[in-house]
Structures are given as C-alpha cells and as structure tokens.
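Have a look at the structure below, then the notes.
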2 protein chains.
Amino acid sequence: MGTIRDIAKKAGVSISTVSLVLNNKGYVKPETRQKIINAIQELNYKPSRSARKLATRTNGNIGFIIWESHFYEVEMFYSQVFLGMEYAARRSDSYILLTTVKEEFDPKTDLPRFLKYNDVDGVALAGRVPHELALYLENERIPFVLVDYNIPGKKYNSVQIDNYNGANSAVQHLIESGRRRIGFVGGTFFHSSIKERYRGFKECIEHYQIMDADQIARYTFVEDTETSPAIGEKGISSLLKNDQKPDAVFCCNDTTAMGVIKELHKRQIKIPDDIAVVGFDDIPNAAYSAPRLTTVKVPKLVLGKEAFNLLNEVIENPLEPPQTRIIATTLVKRESTGVEE
Amino acid sequence: MGTIRDIAKKAGVSISTVSLVLNNKGYVKPETRQKIINAIQELNYKPSRSARKLATRTNGNIGFIIWESHFYEVEMFYSQVFLGMEYAARRSDSYILLTTVKEEFDPKTDLPRFLKYNDVDGVALAGRVPHELALYLENERIPFVLVDYNIPGKKYNSVQIDNYNGANSAVQHLIESGRRRIGFVGGTFFHSSIKERYRGFKECIEHYQIMDADQIARYTFVEDTETSPAIGEKGISSLLKNDQKPDAVFCCNDTTAMGVIKELHKRQIKIPDDIAVVGFDDIPNAAYSAPRLTTVKVPKLVLGKEAFNLLNEVIENPLEPPQTRIIATTLVKRESTGVEE
DNA sequence: GTTTTATATTAAAACGTTTCGATAATTAAT
DNA sequence: ATTAATTATCGAAACGTTTTAATATAAAAC
C-alpha cells in the first residue's frame with residue numbers, strides 16, 4: 001500500500017524506471033526489472049488508479065446505458081449482454097458503469113451522471129434507447145456503439161444480431177416439421193430487430209411458398225408497443241380467429257412466446273400437437289417453460305464482448321464509415337415444436 | 001472542458017477559492033461565488049474526477065458482487081437490488097461496479113479486479129457469496145455489507161429481508177382462506193433467508209395448530225441445493241405422495257413456485273381450487289405466470305438503497321458492533337390463492 | 001579506435017484537484 | 001479606538017502517476 005516512490009527506493013532505481021516496468025514500455029535491464037518486480041510484490045504495491053488516469057488523461061470507464069424498462073422488467077436479455085461486456089472488461093483495465101434511462105428522455109435533465117461529469121471514455125447503448133441520447137453523444141463526440149439496435153436514418157457503429165437469418169432458420173424448422181399455416185406475433189417495428197425478424201419470417205415463407213401474401217397478412221399480428229407476454233396473449237387470440245387455426249406461431253421473442261403459451265394453455269390447445277411455438281432470444285426461462293420453448297438462441301455474452309471490442313476500437317480512433325458487426329444465432333429445438341434434440 | 005485554473009482566471013480569483021465553491025466549504029463572499037458559478041457555466045467546466053479522487057485519496061467507487069449463477073440464471077432479484085443501489089448512488093458521486101464471482105472461489109486467483117487493484121471504497125455482497133470472500137474483506141479491512149444473506153457464526157453488517165414475518169403472513173393468508181394441509185418446498189438452508197422463511201412457515205402453523213409436528217414434517221420438502229424450478233417440480237411431486245394431498249404449498253421463493261406450478265399443471269391439478277400456491281420475492285414473472293402467483297413482495301429497490309446507505313456509513317466509520325437492518329415485506333394476493341385483491 | 005546505434009536510466013515537468021496555513025478584510029466586542 | 005472574532009482569499013504543497021528529453025552505458029559498425 002505504498003507509492004511508486006517506495007518501490008523505487010526499495011529497488012534502488014528511479015520512479016521512471018518503475019513506471020516503465022509497470023507499463024512494460026521502453027528498455028529496462030532484466031535484472032533491474034526483476035528487482036523492481038520483487039519490490040512490488042514484497043510491498044504488495046498497487047498503483048493508484050486516480051493518479052494513473054490523471055496522468056494519462058483517460059477515465060478507464062465505459063458506460064452501459066439501457067432503458068429502464070428493459071432492465072427493470074422481465075427481460076434478462078440485456079443483463080447478459082452487460083455480463084459479456086464485463087467479462088471482456090476484466091482483461092483490460094476498464095470498468096463498466098451500468099445505468100438506466102427513462103423512456104421519456106431529455107438530455108437537459110436526464111443525462112446519466114457519468115456523461116454529465118465526463119467520467120467515461122465511451123458508451124454502449126443497449127437495445128432501444130432514446131434517439132436524443134444518441135444524438136447527444138454524436139454532438140459531444142463521445143464514442144459510442146449501439147448494441148442490438150439501430151436508429152433509422154442514421155449510420156452508427158453497432159453490434160447486431162443476425163435477426164434475419166435467425167428468423168429464417170426458425171421458420172424453416174417449422175416448415176420442415178410439416179407446419180403450413182405459420183403465424184407471426186410481434187411488437188413494435190420500431191425495434192429494427194423485430195422488423196428484421198419479421199422479414200426473415202416472411203421471406204422464408206415466400207421462399208417455400210406455403211402461404212400467399214394474403215394469408216401471411218391474416219396470420220400476422222403486430223402491436224405497436226414494447227414486447228411483453230400480454231402481446232403474446234393478445235396476438236395468439238387474434239390469430240385464432242382465422243377460419244383455419246394456425247398450426248405454428250413464430251414469436252418475435254421469448255417474452256412474447258411466454259404469453260402465447262399461457263394463452264394456448266388457457267384455451268386447452270396442445271403445444272406442439274395443435275400449434276407449435278417458436279421464440280427468439282433464448283432467455284433463461286425458455287428452458288423452463290411448459291413446454292420448453294424452441295427458440296433462436298442469441299449469444300448474449302458474445303454480443304457484449306463484441307460491443308466492448310468495437311467500442312474500444314472506436315475510442316482509439318473513430319471509425320469512418322461506422323461499422324456494423326453481425327453476430328450469428330443458433331436454433332435450439334425443444335418441446336414446443338416437438339422435435340427436441 | 002477547461003481546468004479549475006481557467007475558471008479561476010475567468011472569475012478573477014485563486015483556484016483555492018474555486019475549489020471552495022465547488023465543494024461548498026469554507027467562507028466565500030456571495031458575489032464572488034456567483035462570479036465563479038458563472039464562469040463554470042460559461043466554460044461548461046467539469047472537474048476531473050481522477051484529480052479529485054487523487055487529492056482526496058478516495059476511489060468514489062463501490063463494488064457490487066454477486067454469485068455468477070444468481071446473476072446469470074433465472075433470478076431477476078439481485079439485478080433489482082443492484083438497481084436500487086444505483087439509484088441511491090446517483091445522489092452521491094459514487095459509481096457502482098457490478099461484477100460476479102464463481103461458486104468455487106479462491107481469493108488467491110478469483111478476486112474481482114476492483115479488489116485486487118484497490119479500486120473501491122467498499123463492497124456490497126449480494127445474496128449468497130463465498131465465505132472466503134467475506135473473510136478476505138474482513139482481513140483486509142475493506143468495508144463491506146451483506147445483502148439478503150448472512151454468514152453463520154459471523155456478525156457482519158448486513159441488510160436483511162424480514163423473512164420470518166413475510167413467511168408468517170403468507171401462511172396466515174393460506175390458513176385464513178381455509179387451507180389446512182400446507183406444504184413447504186424449499187432449497188438449501190444454507191441460505192439463511194430460506195431457513196427463516198421455513199421458521200416463519202412452521203411457527204405460523206404451530207400457532208394456529210392446524211398441523212402437528214409429524215404432519216409438518218411429512219409436508220415439508222427441502223432439497224439441499226440452490227433453488228430452481230426443478231426443486232419445485234420435485235418438491236410438489238414428493239408432497240403429493242402423502243395419503244392426503246396438501247391443499248396449499250408455501251414455496252421458499254417464486255422460482256421454486258414456478259416449478260411447482262408447472263408440475264401441478266402437468267398433473268392437471270387445479271390451482272388454486274385443489275392446491276393453493278404461494279411464493280416469495282415477487283419476481284416480475286410472478287405477475288405473468290398462469291395462474292398469477294400470490295407471493296410475498298420483497299422491496300428490492302429499497303433493499304439496494306438501504307445497503308448503499310449502510311455501506312456508506314460503514315465506510316465513514318466502522319460500526320461496532322455490526323448492524324443488521326431489516327426490510328419489511330408485503331403480501332401480494334393473486335390468482336394462485338384465489339383471493340386476488 | 002572512433003563513430004553510430006541500441007539499450008538503460010533518470011530528472012523534471014505535467015496531469016488537475018484539495019487542503020493547510022498564512023494573511024487580509026470585515027464585523028463584533030470591549 | 002483597540003482588541004478579538006469572524007469572514008474571505010490565496011499561495012503552496014501534496015496526492016501518485018506518466019512522459020519527455022537528456023544523459024550514460026553497452027554493443028555494433030566502420
């Protein structure tokens with residue numbers, strides 16, 4: 001618990017040399033390096049982070065901002081993304097500061113304190129986030145990346161899930177297991193992810209030509225709100241009003257799927273016998289629902305890790321043009337489509 | 001984006017004076033204070049955190065440590081506790097550094113980096129946590145508090161839920177709604193919380209004399225592992241082997257209750273008609289399960305806030321003897337006991 | 001055996017605050 | 001009108017690093 005000066009004295013060198021070995025920079029004779037290392041260990045020396053950061057003019061912190069409701073409510077999704085970032089951060093010397101912002105966001109008053117006080121080197125915006133916030137960061141030239149979201153009309157650095165192909169593989173799975181009237185239940189297309197998932201759904205069906213445009217429309221339910229189990233309940237109820245019941249539902253995410261399952265249960269409709277259900281995300285609950293949910297697994301930790309890497313690149317030097325990195329998904333087959341692996 | 005020197009120059013005073021108004025300390029004439037404030041605003045000045053922390057010899061960070069599996073798995077519980085701390089931190093100038101530790105923990109190798117590098121002023125340990133970790137903190141004299149946990153044989157500062165009374169009220173509710181054979185399903189008593197909940201359960205039943213000791217034993221299922229839906233499934237299956245089925249189950253937490261519900265569903269046993277189910281915690285899912293779960297609501301945000309406050313007191317000056325603060329719970333009646341409010 | 005180049009070490013300045021003690025100016029007390 | 005107490009301001013040291021530029025030594029090149 002001493003200072004660099006104590007180490008220098010003990011090792012019989014200058015503090016500059018100690019600093020050099022601390023950061024392995026420059027040239028230092030192996031023997032003296034060893035002496036210094038010994039001194040460090042004997043005195044159990046830890047360099048002061050504040051002093052370091054002061055000298056290097058960096059914060060060593062990166063911000064992680066998420067919508068209040070996304071963190072607060074059912075979703076486990078972004079917590080995992082956060083954890084992925086945290087894992088990555090462990091190998092660097094930075095800390096991740098997690099905070100939330102409200103849905104109604106005014107940069108004048110609602111700015112996370114680490115932005116207000118300039119305490120981060122960069123920021124990750126997880127999921128849907130107020131556009132004003134991104135604009136603010138852009139104006140202030142604070143490096144940032146979007147994670148699992150993008151802002152229409154803007155080209156920002158971002159890490160995205162391969163929503164299109166993920167949805168595609170899910171629907172393909174349904175078709176291959178014999179389903180022919182496949183519904184879609186989703187929330188607001190404001191989330192580009194959901195929009196993409198719908199596109200994957202639609203184009204897969206078109207490709208296999210199992211339904212025509214008119215049918216697709218009748219078996220599509222979209223409510224323009226944040227996703228929730230409630231949307232699922234509503235959605236499946238709506239789809240069931242068709243003359244022919246759907247024999248499968250592709251839900252825009254697991255949360256929605258939970259609602260669908262609940263409603264089907266209530267109506268005593270058998271899953272997967274009568275209707276197969278597929279979700280997206282693979283939230284922890286997906287493995288515990290009854291029946292266990294077939295879903296498109298999103299590697300959330302990877303998402304976080306990639307976000308961290310990209311953000312650090314951006315902090316180093318702004319990427320021009322902005323990059324989008326795509327993370328692949330995998331289909332996890334469980335009871336709800338009856339083809340468990 | 002200047003320094004304190006720029007402000008001093010602009011306001012025509014010394015940096016000492018600027019520092020005084022920055023920290024409202026000492027005496028400074030109202031007019032000069034105003035001049036300084038103006039300068040600060042005009043230059044949009046933000047004091048450097050590193051410089052500050054260097055000068056004051058503090059970190060301004062507090063650590064939040066949670067078991068990997070608790071954060072990682074189904075539980076939303078501790079994320080909320082974290083959020084409660086984060087809210088509280090917003091009004092101070094500290095940041096919460098969230099990290100996880102593995103179940104098998106060796107202080108030699110697995111120490112969170114903010115401990116290894118001395119980057120926090122104190123630590124909150126959320127839920128069950130390796131005892132070695134608490135011992136390490138104690139030895140190193142790093143201020144810490146336990147949240148929703150305590151370590152047998154040790155008296156540490158902690159914030160606890162009123163598990164006993166919470167369980168008591170839940171069971172009382174069951175009794176008052178006519179139930180007479182009430183089962184208990186729980187995980188390891190290693191968690192003092194669970195132990196306390198069991199005590200609340202047991203003593204309430206004894207108080208109302210609806211079951212004798214022998215019966216209580218037959219209607220109690222405890223598995224010595226971390227709680228999970230799986231325990232619930234197993235537990236209720238076991239209780240159902242009694243000659244007389246239970247007419248209610250008190251689960252040690254909602255996660256367990258989810259498993260119970262799933263299993264009862266599978267067996268076509270009606271909730272609450274045949275068997276009422278009560279959980280503990282009020283995780284978000286509790287409101288979305290089918291049926292919606294009656295549960296003992298734990299004010300997680302409050303828990304976090306209190307932990308933050310207590311920790312800061314401890315950082316200021318070590319409390320002797322250590323304190324335990326108890327947070328009250330409330331019973332939320334929903335469909336699963338058929339007496340929804 | 002010089003000159004060049006590469007290796008090794010250091011003194012000193014800089015990073016941007018807080019705080020102590022000294023001093024000055026004002027107000028209150030005698 | 002002094003003295004004492006209070007209010008106001010400031011210079012300078014301290015906090016613990018990194019980094020630049022200078023210097024010293026050793027190795028390589030000629």
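Bear in mind the structure is a predicted one, so any value in this text is a computation, not a measurement. Note that these values count all heavy atoms, side chains included, but never hydrogens, waters or copies made by symmetry.
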Which nucleotide, [options], lies nearest any side-chain atom of [X]?
{"X": "A/Leu54", "options": "D/dT17, D/dT19, C/dG16", "result": "C/dG16"}
{"X": "B/Ser14", "options": "D/dC15, D/dT18, D/dG11", "result": "D/dG11"}
{"X": "A/Leu20", "options": "C/dT18, C/dT9, C/dT19", "result": "C/dT9"}
{"X": "B/Thr17", "options": "C/dT10, D/dC10, C/dG16", "result": "D/dC10"}
{"X": "B/Ala55", "options": "D/dT9, C/dT17, D/dT19", "result": "C/dT17"}

For B/Val28 and B/Thr56, take the nucleotide of DNA chain D holding the closest heavy atom to each; which residue's nucleotide lies nearer the 5' end?
-> B/Val28

Rounded to whole angstroms, how far apart are [atom1] on [X] and [atom2] on [N]?
{"X": "A/Asp93", "N": "D/dT17", "atom1": "CG", "atom2": "P", "answer": "14 Å"}
{"X": "A/Lys25", "N": "C/dT7", "atom1": "NZ", "atom2": "P", "answer": "18 Å"}
{"X": "B/Arg52", "N": "D/dG16", "atom1": "CZ", "atom2": "P", "answer": "18 Å"}
{"X": "B/Tyr117", "N": "D/dG16", "atom1": "OH", "atom2": "P", "answer": "20 Å"}
{"X": "A/Arg5", "N": "C/dA12", "atom1": "CZ", "atom2": "P", "answer": "12 Å"}
{"X": "A/Arg57", "N": "C/dA13", "atom1": "CZ", "atom2": "C1'", "answer": "11 Å"}
{"X": "A/Asn59", "N": "C/dC15", "atom1": "CG", "atom2": "C1'", "answer": "13 Å"}
{"X": "A/Asn24", "N": "C/dA8", "atom1": "CG", "atom2": "C1'", "answer": "16 Å"}

Examine [N]: is either OP1 or OP2 under 4.0 Å from a nitrogen or oxygen in the side chain of [X]? Give yes or no.
{"X": "A/Lys53", "N": "C/dC15", "result": "no"}
{"X": "A/Thr3", "N": "D/dG16", "result": "no"}
{"X": "A/Ser19", "N": "D/dT18", "result": "yes"}
{"X": "B/Lys29", "N": "D/dT7", "result": "no"}
{"X": "A/Tyr27", "N": "C/dT7", "result": "yes"}

For the ring pair B/Tyr136 and B/His131, is the centre-to-centre distance below 6.0 Å?
-> no

Side-chain donor/acceptor of B/Ser16 to base of D/dG11, under 3.5 Å | yes

Per the under-4.0 Å heavy-atom filter, residues of residues 34-50 of chain B near DNA chain C come out as B/Tyr45, B/Lys46, B/Pro47, B/Ser48

Parallel, tilted or perpendicular: which describes the rings of A/Tyr149 and A/His191, with under 30° parallel and over 60° perpendicular?
-> perpendicular

Mind checking whether A/Phe64 and A/Phe82 have parallel, tilted or perpendicular rings, split at 30° and 60°?
-> perpendicular

Can you tell me if CZ on B/Phe105 sees more than 12 non-hydrogen neighbours from other groups inside 6.0 Å?
-> yes

Inspect the surroundings of NZ in B/Lys102 and state if more than 12 heavy atoms from other residues, nucleotides or ligands are less than 6.0 Å away.
-> no

When you match A/Gly26 and A/Ile15 each to their closest nucleotide on DNA chain C, which lands nearer the 5' end?
-> A/Gly26

Pairing of [X] and [Y] as salt bridge, 4.0 angstrom limit:
{"X": "A/Glu86", "Y": "B/Arg113", "result": "yes"}
{"X": "A/Glu320", "Y": "A/Lys155", "result": "no"}
{"X": "A/Lys53", "Y": "A/Asp119", "result": "no"}

